[in-house]
Amino acid sequence: MRRSLILPALALGLAVNVTHSHAAAPKQETSVVYTAPQTAGSWASMGLPAITVSANRAAGPASRLLVHLPDFLRKGGKADYALAPDGANAWKTSEDGRVVSFTLQSENSAVFKMDGATSSQHIELPVFRF
């Protein structure tokens, strides 16, 4: 019945506004928040030596990620950092003029960032769990 009304309306150049009764409901994205212990493991990128992440058992603001860097990421800095929560699925610390962060993108992918005292001292490394 609707089709027979639409065709004459189109022939006359009238605007037709058709609504679908079976319109798809908008998808609601659920965000997963991972705890520090769920983040523990070895994380590497493109065959480079792995970043080792371990965690304490505390929950909430007291949780910490303990990050051990391989030699190629040390570059005059220290090898171990304790990162505190910085939002959902993100941990961060600021020590000795360096800002180090680790942000989970999914269960098996993350981004490791380290910023030094100057803008030229920056690394952003996508890493994957193996």
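Everything numeric here is computed off the predicted structure, so don't read it as measured data.
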Of all pairs that satisfy side-chain hydrogen bond (donor to acceptor under 3.5 Å, both in side chains), the ones with a partner from residues 121-130, not counting sequence neighbours:
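Output for this query lists Asn108-Arg129, Asp115-His122.
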Quick check: is [Y] connected to [X] through a chain of hydrophobic side chains (ILVMFWY, heavy atoms under 4.5 Å apart)?
X     : Y      : result
Val99 : Val127 : no
Val32 : Leu65  : yes
Leu73 : Trp91  : yes

Measure the shortest side-chain to side-chain distance between [X] and [Y] over non-hydrogen atoms and say whether it is less than 4.5 angstrom.
X      : Y      : result
Ile51  : Pro70  : yes
Leu125 : Val111 : no
Phe112 : Val100 : yes

Expected output: side-chain [X] to main-chain [Y] donor-acceptor under 3.5 Å:
X     : Y      : answer
Ser45 : Pro126 : yes
Arg74 : Leu69  : yes
Asp80 : Leu66  : no

Distance-minimising heavy-atom pair for [X] and [Y]:
X     : Y     : result
Ala55 : Ala40 : N-CB, 4.5 Å
Ser63 : Asn56 : CA-OD1, 3.4 Å
Val53 : Thr39 : CG1-O, 3.9 Å

Drop me the distance from [X]'s [atom1] to [Y]'s [atom2], to the nearest 0.5 angstrom.
X      : Y      : atom1 : atom2 : result
His68  : Ser42  : NE2   : OG    : 10.5 Å
Gln105 : Asn89  : CD    : CG    : 9.0 Å
Thr103 : Asp86  : OG1   : CG    : 7.5 Å
Gln38  : Glu107 : CD    : CD    : 7.5 Å
Tyr34  : Leu104 : OH    : CG    : 7.0 Å
Met114 : Tyr81  : CE    : OH    : 5.5 Å

Checking Phe102 now: which residues fulfil ring pair (Phe, Tyr, Trp, His ring centres under 6.0 Å) with it, not counting sequence neighbours?
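Phe102 satisfies ring pair (Phe, Tyr, Trp, His ring centres under 6.0 Å) with Trp43 only.
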